[in-house]
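First comes the structure, then the notes that go with it.
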Amino acid sequence: MLDYAWLMLLFPALGTLIIAFFGRRLGKGVISWLAPGTVLLSFAVAVSQFATLLGLPAEERHHEVVLWQWMTAGSFSVDLALLIDQLSVTMALVVTGVGFLIHVYSVGYMHDDPRYSRFFAYMNFFILMMLTLVLANNYLLLYVGWEGVGLASYLLIGFWFEKPSAADAGKKAFIVNRVGDFGLALAIMFIWSTVGSLRFADVFANADVLVAAGVIGTVTMLMLLAATGKSAQLPLYVWLPDAMEGPTPVSALIHAATMVTAGVYMTARSAALFDLAPTSAMWVAGIGAATALYAATIALAQTDLKRILAYSTISQLGYMFLAVGVGAYASGIFHLATHAFFKALLFLAAGSVMHALHGELNINKMGNLRAKLPTTYWTYLIGAAALAGIPLLSGFFSKDEILWYAWQKSPVLWAVGLVTAGLTAIYAFRSVFVPFWGQPRDQKLFHHAHESPPAMTVPLIVLAVGAVLAGYIGIPHLSLIEGWLEPVFHAGGAAAEGAKAAYPAAWVEWVLLAVSALVALAGAYFAYTAYVVKTSIPKQVRDSLGWFARLVENKYYVDELYDKVIVNPLRDLANWFAGTVDKAGLDGAVNGIAGIAGWLGGQARRLQTGLVGLYALSILFGAVALVAWLVIR
Amino acid sequence: MNSFNAPLLSIITFLPLVGGLILLVLPNAKLQKWWALAVSVATFAISCLLWVWWQAGEAGMQFVERWLWVPQFQIQYFVGVDGLSLFLVLLTTLLTVLVLLFSWEGIGQRLKAYLFLMLLLEAGMIGVFVALDLVLFYVFWELTLIPMYFLIGGWGDPHGEYKFLGRVMPWRIYAALKFFLYTMAGSALMLVAILVLYFRGGTFDLLELQKLSLAPDLQIWLFVAFGLAFAIKVPLFPFHTWLPDAHVAAPTGGSVILAAVLLKMGTYGFVRFCLPLFPDATRLFTPWIAILAIIGILYAALVALVQRDVKSLVAYSSVAHLGFVMLGIFALNAQGIAAATLQMVNHGLSTGALFLLVGMLYNRRHTRMLADFGGLWKQVPVYGFLFIIVALSSAGLPGLNGFVGEFNILLAAFQANRTFAILGTLGIILAAWYLLWPIRQMLHGPLTRPENATIRDLSVREVLTLAPIVILFFVIGLFPNLFFDKINPSAEAVVQALNAQKPAVSMVIDRMP
């Protein structure tokens, strides 16, 4: 059964091709079945793979499928091959499962779009590339998926390319991601030249060779650079908020199931390398914690519903980085999975709001929407509560687990995570209370608002159920997911044992659990007070913060900073190259030489007098000179 | 197996020439077009037999033909192909077909002469890639100059003027002259070097000359003489300034051939002649050439970024791409040479296709300025789709052809010198930037200009022109070993030849700590 893993790739690949070439002829009816259908088939294959793995003993849950020998140049060789193990199957389940629901939702959401078929060709392609990324058995094939999801996001973010802002956002996403890809490309070069293979199994088995060669730190830091690009961490997160320009299901797909999780996945996959590079791992954790806090502050100050969610994604990805950075790889993947549910849910619910309000996203123009959009409201509420870490919902378990591991590594990381958790609860519930509670702020919008069709609400309900229940695969001390995934990260099991031995006493864990539960509840309560009961509070807080509030509202001016420090100087340099160096300098020199040759020719022409006697005389002098030279020499 | 024992290479080389001469007596335009296309298709079909009858795993020359041409000077008619030249021959024959297909409309006057020059050019280019006698090589090398000179000067962009050598001339004449003189100046020294080799070795036979052990200081001079000719052709920074003018001024068909094939004569020349003939000098010059290649990659990418004319953007992108090829060759290992050889083909396909696309748009709008477009994708969806795929191939997207060449080149360079490889890798960021820029400017955004709202999408003929290239993007990207298995043995042979004479120093570029 495991040998048929390639079927997971085949279905979305066929879907992409068929819809791209025959989409218009097939019509919306066929596509609305075909596109989600291919993803569902992949999901079915993933489930069968999962079941097969479950039936095997833990040490045999690793299977590779070589499709063909991909490239052999000189001594370099790499296969196009897939790896089926606990981690890749878990990822495949999340990608295809959540991806399928987003496809179904899109059938309703995109129904009136003139480029309906193109949209689904892109969506299938996105799933195909994400599956390539998570199923690859070597770094080069992973790189194919890595850049492939970048391309898919470029196409989908810029789907409404007539809008300059959408076109710019797509381009920005691709280029910023390429900066990260640069890191991955170099990491691959270091690995190949040191280990002589790019296959995961070979690389991890020979990780000590990387240590001996002294490049393990470089390799892992380059991977971190790559991951900050794809997973939107400091300093390369800037493309993600702009990615809102795409249709809402795209945001859900990018933020939840695909794309941004790639960096976390790669870091977890490379656990064997990060374990040997503690400094790099500390950087991963540090960047994760910093990003989590940083993005949460921005999310507090945004008024665009989707942007709040976008910064929230960046912040939550920070948690995942924190997890994999402190060595809690399984917890990182756990949070990735729960986040996939509740963030897909939140985005799709936001899309439903947008659908109801004709594209309006400013939460200050909404109000009391729960009266008009009950299903959307309730599902959004569940998603926001899960995001906020309200006890017994999925986000609570996964976030708490990360904080618990962070505590063991460093109380500072834990404290940052805890403060972020509080902020998260505030902005999550702000995004519930402001649009859905209170009084309608724009009567016209409110009046026209209407609940979305079942194609959109049913996926919301399914995801809401997932957002509640997904956490129970990882409740403390009974965690299924940890036991399932752990063998992938610690093949020998030795490192895990070592870590367990150093666990603090059990009561600490319960105290921390209670603390994070209290913080989440307190945040929710504060949001209730500030945005429902006494709505003057936000303004007071804002006024008391002064310049800092403006800094946060303007997203710390980071985009402006990048333009000033990197983009514009490069453009100026390029203009100088193109104008001065190339035209005036190099080309001027070439033409100058030609000019000198021409001038010399002109002078020489004067010697052509036509006087035969003069020519004869010249020949004579020349001959004499030549003979004289030969004799004297 | 070449079971008919036919002189395949001679047929491929001279069929276009003979076909071109017959073309001259054909009466009307329609017949001429069909004839030229038929000749090129036949040439391509026959050249495919090289692939079919290829001896797998063979490093040496295949399909060899050899007889004495000028007995007094031991000049031979000596041709053959190995893994390094096979795909360049196929690239030439394929692209000639596509260019003639493209030129079906829009040439206007003097069609017969245009078609004749194209076929003559094809014969010359194939000759360059199959010749194994230095005089024969030189003849073909110079032969390619003449038709290209006339193509640029005769059918080039009619706009603009330039003051050159004291007189004002149409810009296309300036571009043609500059192309001709610059290349000619470079190859004059090569002729001298060929003669020196003859006086040393008593033969013009390349394979014989490779066995010659030349004094290192002589090697240096000869390397410079050959290398200058090749470096101008590639073009290697800073010898590239003829290229933007020639490319932009040339008619589309000329730009395509120029970029796709003629530039490869330079890179091919380095692999075929400089490396095996002058191994010591090669090692000496390697770091400098690698540095120039890297400057080319980064510098040309930045210059491309600020071009307002999309054709000149593509022209500068060529300089950057050829920088990668040079970096691969001068990694001086089998992976680098094999990847560089594949990348020559890749660049020919993707940049050729970009010029075709720019030409198709020019035929409709008679402008190439980025600012004149915007929002085209809505108007011409098929065109937009193909443009994006081609741009992505050029940007080295994994899964497509460009990635296989580029990444292996960088890996190979990394083995030789990490700093060089890291700097070269920066080029892939810039490539994404300068290739997404024209997409943003031309295809995306609102369609504001009324002139753009009436242009029609690609015709069936135009799609057929691009389709083979796009299919090859995927074939090479997903199954590169179809190509590498033929290239690898010959690439390894080059490395062996390079190391055979002086095994003590294997690589001059130092490994970084």
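Residue numbers begin at 1 in each chain, while the letters A, B, ... track the order of the sequences.
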A:F190 versus B:F414: any side-chain heavy-atom pair under 4.5 Å? yes
Would you say B:R308 has more than 12 foreign heavy atoms packed within less than 6.0 Å of its CZ? no
Most heavy-atom pairs under 4.5 Å with chain A, out of B:L482, B:L181, B:L430, B:L410, belong to B:L410
Per-residue contact mode, B:A491 against chain A (heavy atom under 4.5 angstrom): neither
Looking at B:F484, B:W242, B:W377, which makes the most heavy-atom pairs under 4.5 Å with chain A? B:W377
Using non-hydrogen atoms and a 4.5 Å limit, figure out which bit of A:L586 sits close to chain B: side chain, backbone, both or neither. both
Counting heavy-atom pairs under 4.5 Å with chain A, the top scorer among B:D485, B:L305, B:I422 is B:I422
Between B:R440, B:H240, B:K178, which has the largest tally of heavy atom pairs under 4.5 Å with chain A? B:R440
Should A:W68 and A:D79 count as side-chain neighbours, where that means a heavy-atom distance under 4.5 Å? no
Is the count of non-hydrogen atoms from other residues, nucleotides or ligands lying under 6.0 Å from B:K378 atom NZ greater than 12? no
Is the shortest side-chain heavy-atom distance between B:Q307 and B:P244 below 4.5 Å? no
Largest heavy-atom contact set with chain B, pairs under 4.5 Å, which of A:G145, A:G150, A:A185: A:A185
How would you list, in number order, the residues of residues 387-396 of chain B that have a heavy atom less than 4.5 Å from chain A? B:L392, B:A395, B:G396
For the candidates A:D168, A:V179, A:V581, which exhibits the highest count of non-hydrogen atom pairs separated by less than 4.5 Å from chain B? A:D168
Please classify the contact of B:F483 with chain A as side chain, backbone, both or neither, using a heavy-atom distance under 4.5 Å. neither
Identify the two heavy atoms, one from B:I232 and one from B:G186, that lie closest to each other, and give their separation to 0.1 Å. CD1-CA, 3.8 Å
Measuring only between side-chain heavy atoms, which start at C-beta, is B:N408 closer than 4.5 Å to A:F76? yes
Considering only heavy atoms and a distance below 4.5 Å, find which of B:A334, B:G445, B:A432, B:A338 pairs most often with chain A. B:G445
Hey, which of A:L156, A:L131, A:L155 is the one that makes side-chain contact (heavy atoms from CB on, under 4.5 Å) with A:F126? A:L156
Under a 4.5 Å heavy-atom cut-off, does chain A meet the side chain of B:F403, its backbone, both or neither? side chain
Are B:D245 and B:W171 close enough that a side-chain donor and a side-chain acceptor fall under 3.5 Å? yes
Under 4.5 Å from a heavy atom of chain A, the part of B:I337 involved: neither
Can the ring centroids of B:Y434 and B:Y316 be said to lie less than 6.0 angstrom from one another? no
